[in-house]
Amino acid sequence: MTATMYRRALLALALTGTLLIAPATSAEAAGKRPAKITKIRSATTTTTLRIAWKRPKRATVFAVCVKTAPKSRRCVRKVRTRKTSVTFRRLAPNSGHDFYFRVTPYRGRKHATPTRWKRADLRVARGTANRATGGRGHYLNYVWSRTRNASGYQFQLATSRDFRSGVRTTGRSGLRATVTGLNGGMTYFARVRGTNGTVKGAWGPVSQVKLAPVPVRATVATYNLCGEDKCRPGNDAWFLQNVPPWAVRKPLAGAVVRSATPDIVATQESGTKTAFHTELPGFTRGASKSAKTIYFRSSRFAAVDGGWFALDADRKRYATWNVLRDRSAGTAFFVANVHLEPHKGAARDILRDQQTARLVSKVRARNVHGLPVVWAGDWNSNASNANQANYPGGFDAPRERFARLGVVNSLDRTTDAINAVLNSANGGVPTPKAHGHHVDAIYVPLTGIAVESWSMPANVIDTQDGRQYATPFPSDHNPVVAKLVLATP
């Protein structure tokens with residue numbers, strides 16, 4: 001109390017006999033109020049809300065109000081407490097955000113400004129197990145059970161267990177999902193989690209299922225084009241006449257391969273300048289590397305994946321590959337395209353064996369779903385390689401290595417064959433070589449792919465000297481074509 005106020009009090013006492021105490025100043029009155037709460041936090045489970053704060057100066061009691069909306073007039077839960085934390089139990093989620101809360105500090109009847117309304121959402125429980133209830137070809141059906149506090153669900157499908165590849169996420173309000181546009185023959189992994197507004201629960205257990213494929217037909221051709229004339233240098237004059245420059249041969253090569261109405265064409269010796277795609281209207285150019293290209297009919301197939309890898313980089317031996325999907329049925333399969341080491345002899349056979357082994361190993365590494373594989377290409381090997389009289393120690397490397405894996409020449413899987421007696425490498429010689437030796441081949445597994453027919457389209461005419469190739473040749477090789485049924489039981 002100041003000196004002036006003290007004198008006034010004494011004067012009042014003398015005049016009235018009553019001691020007057022002056023009211024406290026506003027600053028002194030404000031000092032009796034509790035300070036504001038500056039630190040507050042909350043934590044939730046699926047059924048509880050815990051609120052904790054730091055005790056401000058002069059606060060002795062706290063009022064806590066919990067509402068379902070900041071503008072609601074009613075506290076759904078409220079409490080007064082001397083503690084600095086409170087836990088509300090047996091809560092249930094609400095539509096949208098679950099709860100809003102605030103805390104008001106008191107000292108007697110005096111109180112500070114309450115905290116701002118803060119939001120708190122109950123946690124969503126971990127997702128439940130899911131299971132596939134059906135599906136074939138391009139779709140799968142799934143069901144799962146309810147998750148505590150979930151108002152909706154996220155369903156996720158992937159082609160890898162770690163959900164890093166082929167991931168598809170979709171929202172669902174119910175307890176089931178049908179996913180379409182899948183690849184028959186692939187293995188899928190699925191999981192579910194509950195959601196409530198922006199709150200997401202933990203993912204549930206992962207299920208695994210291999211999508212049963214639907215068998216589909218595909219006509220596959222393999223063709224060494226000598227597309228940029230690398231077969232011509234060093235050859236005799238008659239060869240150069242019979243196998244003229246590519247600009248002359250290109251439309252002939254296009255016509256002969258189109259005559260087989262293929263769906264997939266694997267070409268070798270077909271570099272960038274070959275531009276064989278202009279002879280294949282309606283086809284998409286797939287994987288390409290080092291003069292090996294895969295083409296496929298756009299209306300029937302789409303490329304799921306593809307690329308290339310080295311078989312022997314020092315010798316410039318590579319392979320290209322694509323995983324193709326039938327647009328209608330969804331069935332997926334693997335196509336490999338290769339051109340192995342040329343020339344006869346045991347040393348070259350050993351190189352071809354090594355290259356084939358690498359081919360198999362690298363295809364396996366990429367074919368993680370175990371899809372049926374069509375092995376197409378110029379293998380530069382046939383039964384004549386194993387003729388010991390001509391090539392001591394020689395062997396038909398690709399055929400022998402594939403046989404150990406249950407993979408065989410498609411010609412051996414059918415009795416419906418056209419021109420099987422002709423050699424696939426015509427050598428530019430008008431009189432056909434008819435030993436039935438095929439350096440060009442389409443290999444298929446004993447299970448998973450059926451062969452309906454095999455053919456070797458060729459421009460052959462009847463002359464006074466007998467059956468002859470028409471000249472000029474489209475290439476120094478003939479195309480080999482196999483009609484296949486893919487993804488058979």
Novice: How would you list, by chain and number, every residue that makes a ring-ring contact (aromatic ring centres under 6.0 Å, His included) with His437, sequence neighbours excluded?
Specialist: His435

Novice: Would you mind telling me which of Arg317, Glu341, Arg401 makes a side-chain hydrogen bond (donor to acceptor under 3.5 Å, both in side chains) with Gln355?
Specialist: Glu341

Novice: What I'd like to find out is whether the side chain of Leu91 reaches to under 4.5 Å of the side chain of Thr48, using heavy atoms alone.
Specialist: no

Novice: Ring of Phe301, cation from Arg327 - is the NZ or CZ under 6.0 Å from the centre and inside 45° of the axis?
Specialist: no

Novice: Quiz question: by atom type and distance under 3.5 Å, do the side chains of Asn130 and Ser207 form a donor-acceptor pair?
Specialist: yes

Novice: Would you confirm whether Thr320, through its side chain, and Trp308, through its main-chain N or O, come within 3.5 Å as a donor-acceptor pair?
Specialist: no

Novice: Hey, are the side chains of Ile264 and Val374 touching, using non-hydrogen atoms and a 4.5 Å cut-off?
Specialist: no

Novice: Are Asp263 and Arg297 within salt-bridge range, i.e. N to O under 4.0 Å?
Specialist: yes

Novice: In terms of relative ring orientation, are Phe402 and Trp375 parallel, tilted or perpendicular, with 30° and 60° separating the classes?
Specialist: tilted

Novice: For Val214 and Ala329, which heavy atoms make the closest approach, and how far apart are they?
Specialist: CB-CB, 4.1 Å

Novice: Using side-chain hydrogen bond (donor to acceptor under 3.5 Å, both in side chains), reason through His438 and Asn382 one step at a time and then give a plain yes or no.
Specialist: CA-CA 6 Å; His438 309 121; Asn382 54 37; over 6 Å; no

Novice: Between Asp416 and Thr414, does the side-chain hydrogen bond (donor to acceptor under 3.5 Å, both in side chains) criterion hold? Intermediate values first, please.
Specialist: CA-CA 5 Å; Asp416 184 357; Thr414 180; 5.5 Å; no

Novice: Working note: Asn322 + Phe334, criterion side chain to side chain contact (heavy atoms under 4.5 Å, CB included); need CA distance, chi angles, decisive distance, verdict.
Specialist: CA-CA 6 Å; Asn322 273 117; Phe334 200 106; over 6 Å; no

Novice: Within this structure, what is the OG1-CZ distance for the pair Thr133 and Arg176, rounded to the nearest 0.5 Å?
Specialist: 7.0 Å

Novice: What is the distance from atom CG of Asn94 to atom OH of Tyr100, rounded to the nearest 0.5 Å?
Specialist: 10.5 Å

Novice: What is the minimum heavy-atom distance between Tyr142 and Ala190, and which atoms define it?
Specialist: CE2-CB, 3.6 Å

Novice: Is it true that the side chains of Asn141 and Thr178 contain a donor and an acceptor less than 3.5 Å apart?
Specialist: yes

Novice: Looking just at side-chain N and O atoms, do Asp312 and Gln354 make a donor-acceptor pair shorter than 3.5 Å?
Specialist: no

Novice: Can you tell which of Asp440, Asn426, Thr222 makes a side-chain hydrogen bond (donor to acceptor under 3.5 Å, both in side chains) with His477?
Specialist: Asp440

Novice: Give a yes-or-no answer on whether the side chains of Arg172 and Thr170 include a donor-acceptor pair shorter than 3.5 Å.
Specialist: yes

Novice: Could you walk me through whether Val265 and Thr267 pass the side chain to side chain contact (heavy atoms under 4.5 Å, CB included) check?
Specialist: CA-CA 6 Å; Val265 180; Thr267 62; 3.7 Å; yes

Novice: Would Tyr223 and Gln268 satisfy side chain to side chain contact (heavy atoms under 4.5 Å, CB included), going step by step from the backbone distance to the final call?
Specialist: CA-CA 6 Å; Tyr223 198 6; Gln268 305 83 44; 5.6 Å; no

Novice: Would you say Gln241 has more than 12 foreign heavy atoms packed within less than 6.0 Å of its CD?
Specialist: no

Novice: For the residue pair Ala470 and Ile461, what are the closest heavy atoms and their distance?
Specialist: CB-CG2, 4.2 Å

Novice: What I'd like to find out is whether the side chain of Asn409 reaches to under 4.5 Å of the side chain of Ile442, using heavy atoms alone.
Specialist: no

Novice: Which atom names give the shortest non-hydrogen contact between Asn196 and Pro93, and what distance separates them?
Specialist: ND2-CB, 3.6 Å

Novice: Does any non-hydrogen side-chain atom of Leu140 lie less than 4.5 Å from one of Tyr188?
Specialist: yes

Novice: Mind running side-chain hydrogen bond (donor to acceptor under 3.5 Å, both in side chains) on Thr169 and Gln156 for me, showing each step along the way?
Specialist: CA-CA 4 Å; Thr169 304; Gln156 196 169 76; 2.8 Å; yes

Novice: Considering only NZ, NE, NH1 and NH2 on the basic side and carboxylate oxygens on the acidic side, decide whether Arg217 and Glu452 come within less than 4.0 Å.
Specialist: yes

Novice: Under a 4.5 Å cut-off applied to non-hydrogen side-chain atoms, are Thr187 and Leu211 in contact?
Specialist: no

Novice: Within a strict 4.5 Å, meaning less than it, do heavy atoms of the His277 and Tyr295 side chains meet?
Specialist: yes

Novice: Crowded around Arg404 CZ? As in, over 12 foreign heavy atoms under 6.0 Å?
Specialist: yes

Novice: Mark yes or no for whether Asn183, through its side chain, and Ala332, through its backbone, hold a donor-acceptor pair below 3.5 Å.
Specialist: no

Novice: May I ask you to decide whether Arg249 forms a salt bridge with Asp229, counting only side-chain N to carboxylate O separations under 4.0 Å?
Specialist: yes

Novice: Using the side chain to side chain contact (heavy atoms under 4.5 Å, CB included) rule, take Arg358 and Phe309 through it: C-alpha gap first, then chi angles, then the decisive distance, then the call.
Specialist: CA-CA 10 Å; Arg358 293 189 190 105; Phe309 49 79; over 6 Å; no

Novice: Would you say Asp378's side chain and Asn380's backbone share a donor-acceptor pair under 3.5 angstrom?
Specialist: yes

Novice: Between Gly377 and Asn337, what is the shortest heavy-atom contact and its length?
Specialist: CA-OD1, 4.1 Å

Novice: To the nearest 0.5 angstrom, please state how far the OG1 atom of Thr274 sits from the CG atom of Leu225.
Specialist: 6.5 Å

Novice: Do the side-chain N and O atoms of Asp326 and Thr331 include a donor-acceptor pair separated by under 3.5 angstrom?
Specialist: no

Novice: I want to check something: taking the side chain as every heavy atom from C-beta on, are Gln468 and Val460 in contact at a cut-off of under 4.5 Å?
Specialist: no

Novice: Tell me if the CZ atom of Arg168 is crowded by more than 12 foreign heavy atoms within 6.0 Å.
Specialist: yes

Novice: To the nearest 0.5 angstrom, please state how far the CZ atom of Arg193 sits from the OG1 atom of Thr147.
Specialist: 11.5 Å

Novice: Using 0.5 Å steps for rounding, measure from the CZ atom of Phe163 to the CZ atom of Arg191.
Specialist: 4.5 Å

Novice: Taking atom types as modelled, find out whether Ser288 and Thr293 have a side-chain donor-acceptor pair closer than 3.5 angstrom.
Specialist: yes

Novice: Take a 6.0 Å sphere around CZ of Arg123 and say whether it holds more than 12 heavy atoms from other residues, nucleotides or ligands.
Specialist: no

Novice: Which distance, rounded to the nearest 0.5 Å, do you find between the CZ of Arg399 and the OH of Tyr443?
Specialist: 5.0 Å

Novice: Without hydrogens or angle criteria, can the side chains of His343 and Arg348 be said to hold a donor-acceptor pair below 3.5 Å?
Specialist: no

Novice: Is the NZ or CZ atom of Lys118 positioned over Phe101's six-membered ring, under 6.0 angstrom from the centre and within 45° of the axis?
Specialist: no

Novice: Over all heavy atoms of both residues, which pair between Pro233 and Lys230 is shortest? Give the atoms and the distance, please.
Specialist: CD-O, 3.6 Å

Novice: Kindly check if the number of other-residue, nucleotide or ligand heavy atoms within 6.0 Å of NZ (Lys250) is above 12?
Specialist: yes

Novice: Using distance alone, with no hydrogens and no angle criterion, decide if Asn385 and Lys344 have a side-chain donor and acceptor under 3.5 Å apart.
Specialist: yes

Novice: Answer whether the closest heavy-atom distance between the side chains of Ile449 and Phe333 falls below 4.5 Å.
Specialist: no

Novice: Checking Asn478 against Tyr469 for the side-chain hydrogen bond (donor to acceptor under 3.5 Å, both in side chains) test, could you report, in this order, the C-alpha distance in whole Å, the side-chain angles of both residues, the deciding distance, and whether it holds?
Specialist: CA-CA 11 Å; Asn478 299 328; Tyr469 284 116; 2.9 Å; yes

